[in-house]
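A, B, ... follow the sequence lines: proteins, then strands. Residue 1 opens every chain.
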Amino acid sequence: MSDQLKVWVNQQLHEVLTMSNSTMAEYLIKLTQQLPTKTEVLDELRGEVTVDAKMELFVDQLWQRIRGGNHETEGSCKCKKSSTEVVKKNIMGEDSSKSKGEGSKLLARRTVTADSDNEETQRLRDLQERDEYSERLRQRDDERTRKVSEKGDEKTFEEAAKRLQLEKEDREKVFMKYLVKRKDDKQKELKADIKDDEFFFEEEDLTERERKDCEYKRSVLKLTKKYDQVQDDENEQGYVTPDEKVSVDDRDVEVDEREKKHGDEQKKWEEDQRRGTSLSFGARDKAKRCQETEKEYNLVFEDEIKFIKSLPLAGTRKKTEKKTKEQKKEEDSNQEEDEEEKEEPKVSEFKKKTMTIQEVQRSLSVYPCRGSLLAAIEEHQVLIIEGEPGSGKTTQIPQYLLEHGYCQDGKKIVCTQPRKVAAMSVAARVAEEMGKKLGNEVGYSIRFEDCTSEQTKVKYMTDGMLLREFLVDPSLAGYSVIMIDEAHERTLHTDILFVLLKDIIRFRPDLKLLVSSATLDSAKFSDFFNAAPIFRIPGRRYPVHIYNTRSPEVNYIEAAAITVLQIHITQQLGDILVFLTGQEEIEACQEMLTEHIKGLSSKIQELLILPFYANLPSDMQAKIFEPTPPGARKVILATNIAETSLTIDGISYVIDSGYVKQNYFNVRSGMESLVVNPISQSSANQRAGRAGRVRPGKCFRLYTQWTFENEMEENTIPEIQRVNIGNVFLQLKSLGIHDLINFYYLDPPPAETSKLALEQLYALKALNYKGELTSMGRKMAEIPVEPMMARMILAADQHKVVEEILTIAAMLSVNGDIFYRPKDKAIQADEARKNFFHPDGDHLTLMNVYNEWVGAEYSQQWCNEVFIQHRSMKRARDIRDQLVGLMERVEVQLSTNPGDSVVIRKAITTGYFYHVAHFSKCGGMYETVQKSQTVTIHPQSCLTENLPPWIVYHELMMTTKESMCNVIVIDGKWLLEVAPHYYKDNEEDVRN
DNA sequence: CATGCTGAA
């Protein structure tokens, strides 16, 4: 009975509280079952939520249902006490007076000394304010949706069509104007380039490659329209290409000039793909002619590295056998197997390129399972779908669902992706397959771009966006199917989504949940969703042969460089991908390789060395997607950006150093540290898999088989256990989930991290002493930044410096460097940076940079001159615009006071009073106030010479030293002014 | 003297 009851209670709760969750439902049922009288239930409830007449009525009904006429229950006396305990535990996870750590001592002290009456009234007022605010928010949202629907509510279809047409034309006009200007610029540039080439190389005998290059430039000139489109938007250029895209067909698509921006990008991308493939085929043919095939290792260098061949990474055939054993539904398995074996060998990659869309769809390995898959979805509410990349699950399954009628009565199918680019390109692909325009039936929604309309039925979005939607509509009523794709990546957002979805499927029996994952974790997901069935889709991957070193390598950078040369000399053509940990290592490796090649240049084929990491300027990044010239070989030295985020075609060899740099949040020191760690077995396999996309490949691991088996973790530690989860907790709280610590996570965050997160939220006044969300907290949850930064922005309103703080917040949110510092021009770059320095600290320096960039009309030219990354600045502008747009929502008026550095710094301190460090004269070092950690100012800061007594830092990073990044000078007294509740006990210290 | 892996809102 209890499940049914819970569903009912949840529905009622939804009515009464405009929110719902089953923890609350369970709690209520328990109360009603255990307390002796209804009045006591109500009293107990008042401690939790505001109880109005509606609520009272509901409790009355519940009482009737459960207790009926029966007024006595055993054990009711002791229940009262235990449920109070429960509430208390919900706040801190354990009895707060017993907790360790300074923060909680402070909390305990506060709870004891506080005047309880004042506390109570304050709390009630706060809660009331919060509810009022929520109500206002809701009304505004309603109004907005009404406006939208009114807009779409023209009397006749013709009128609506006309309006849409007009709007569209308007957009297009602006866009075309822009295109023309762009084209002219680029054409000029290209012309000059070609002229240069002709001038310099006229008389010389051009090599094949150079001639190709010239021809290419000329052809580009003709195709400018298509090309400048892409060159413009560096951020998106050439990035992720989801697996399914490999099978893009070669149909000639007419260029529709009026197509939207991303549509064009998509085409350009396909163009690139086609070119890349045909050329790399050329390369392969040539290699065959050279008879360089399949030689095993020859002794080439004195310090040659010996590899041992071990078992290959499973190709398709092997998978099939394994599958038969595991497959739960036998008939499915047999069926799949048969069809697969017939089909598999025939479909070559080349053939795929020339097929029509329909043929491609049929050739994908989900296609044969269509019927059984739909039946399984019909039968089960939750289904785990397991399949190799490239099986077509991301693109095909939503279409199947749509065709099968899951979108009736206006509900949508949604599919989440961990990355923006993936969401965009998959949506574009599906729109094309369905012959619909992107943004109509098929759309996508990502942070800075919502490309959907009222007719959208299939929606691709990033997981973070779906999480945001939970804040607006906690039951996700608009969706009929939710598909979580790439779940095995275990990003923070997917993990949280799981928690929330597990909750809502209990009272939304009509909602279907699909979780798609690579092979490894599916059993775990299945357990989490109460043994949900697993559906396996046979994959299609070429086998990758794995080679391990015979003995451990000490210097893996050098080992990598040597292996590259070994491959280059002994193996047939095919590009090499090398995994290293960071920019510095990549540069070192690059140097080493160029050094070696110099000595051999006449004897070997051409070797192109290309570095690749996120902070690399985008024009350099684009180079790795350019096709390899025939007869040459590309070596890409990459960080783990190449592990999941994007696919590079033509990779046949992978060299794996076995290490990554990972961010760990250390609770005890409150510090993030970036450390080089051995990778996990699953990520080693992921890396190896990169070699087998186009044809059978080889992976060279710079560690021994023994190391792999004994010293590596099986799986990478999920993000939720590695990072600061303050932000996540704030969001969950604002969804009405009270007990965060005992919540049922896929992998729970460490208890200490959770406690710290709650303490910080309390100190920021986002939670009251009962652990309830305050009005401040409600507003903070609305702003998509870390809690401390959100607090800073809200504080800016009091100080009337909102514009300035928003600029600073945006600049701080840009990860990656603002300042570009190439090794060869380090001195000039440092000089250029010094011009922006503000005596009061780095935050203000950043503000200067932004404002000057605005003054230079967002010019890229200007950025290049002063060694600033234009890409980062554009991102900062996007973030700032978004934040400005949100200010109305949190009821903050824009205000500005650019000259007043004191006020700006005070606002920052209000948010970051947790991050204060004091210069101790005896030690000659900085010490954090919170944990007494010895730290230094980061060398890039502008305050390295002054050493003021009190500073606020933005973040603490452990690299080679514990250093504070982005610091400002403050006056110790401000701390009392700004965060008296936190600093009143250290008053004397702060004053001197 | 000292200098950062990747995503997402």
Sugar-phosphate only, base, or nothing, as touched by A/T462 at under 4.0 Å among non-hydrogen atoms:
sugar-phosphate
Regarding A/K779 and A/E891, does a basic nitrogen lie under 4.0 Å from an acidic carboxylate oxygen?
yes
A/E719 has a side chain; which of B/dG7, B/dG4, B/dA8 sits nearest to it?
B/dG7
A/N663 has an atom CG; how far is it from atom C1' of B/dG4, in whole Å?
10 Å
Between B/dC5 atom P and A/E587 atom CD, what is the distance in whole Å?
10 Å
State plainly whether the residues A/R875 and A/D878 are in salt-bridge range, i.e. N to O under 4.0 Å.
no
To the nearest Å, how far apart are A/I446 CD1 and B/dA8 P?
8 Å
So which nucleotide from B/dT3, B/dA9, B/dC5 ends up closest to the side chain of A/Q940?
B/dT3
Does A/I783 or A/Q583 map to a spot on DNA chain B nearer the 5' end, using the closest nucleotide for each?
A/Q583
Nearest of B/dG4, B/dA9, B/dT6 to any side-chain atom of A/K661?
B/dG4
With a non-hydrogen cut-off below 4.0 angstrom, is A/R468 in contact with a base, only sugar-phosphate, or nothing?
sugar-phosphate
Output the rounded distance in Å from CD (A/Q869) to C1' (B/dG4).
12 Å
If you look at every strand shown and take non-hydrogen atoms under 4.0 Å, does A/E955 touch a base, only sugar-phosphate, or nothing?
base
What is the distance from CD1 of A/I720 to P of B/dA8, rounded to the nearest Å?
18 Å
Among B/dT6, B/dT3, B/dA9, which nucleotide sits nearest the side chain of A/H493?
B/dA9
Nucleotide nearest A/K420 when distance is taken to its side chain, options B/dA9, B/dG4, B/dT3
B/dA9
Checking all strands, does A/N727 fall into the base, sugar-phosphate, or nothing category for heavy-atom contacts under 4.0 angstrom?
base
Measure across A/G443 and A/A427 and return the closest heavy-atom pair with its distance rounded to 0.1 Å.
O-CB, 4.0 Å
Are any of the side-chain nitrogens in A/R880 or A/E803 under 4.0 Å away from the carboxylate oxygens of its partner?
yes
Indicate whether OP1 or OP2 belonging to B/dA2 is found under 4.0 Å from a side-chain N or O atom of A/T936.
no
Between A/T639 and B/dT6, is there a contact of a side-chain N or O with OP1 or OP2 at under 4.0 Å?
yes
Measure the distance from CG on A/D878 to P on B/dA8 and round it to the nearest whole Å.
13 Å
Apply the test side-chain hydrogen bond (donor to acceptor under 3.5 Å, both in side chains) to residues A/K420 and A/Y444: give CA-CA distance (whole Å), side-chain angles for both, the deciding distance (0.1 Å), then the verdict.
CA-CA 9 Å; A/K420 290 201 263 190; A/Y444 65 88; over 6 Å; no
Do the side chains of A/R468 and A/E782 get close enough for a salt bridge, i.e. N-O under 4.0 angstrom?
no
Just to be sure I understand the rule, does A/V785 reach a base, reach only the sugar-phosphate, or reach nothing, if contact means heavy atoms closer than 4.0 Å?
base
Protein-nucleotide distance (A/R875, atom CZ; B/dA8, atom P), rounded to Å
8 Å
Using atom CG of A/L812 as one end and atom C1' of B/dA8 as the other, report the distance to the nearest whole Å.
17 Å
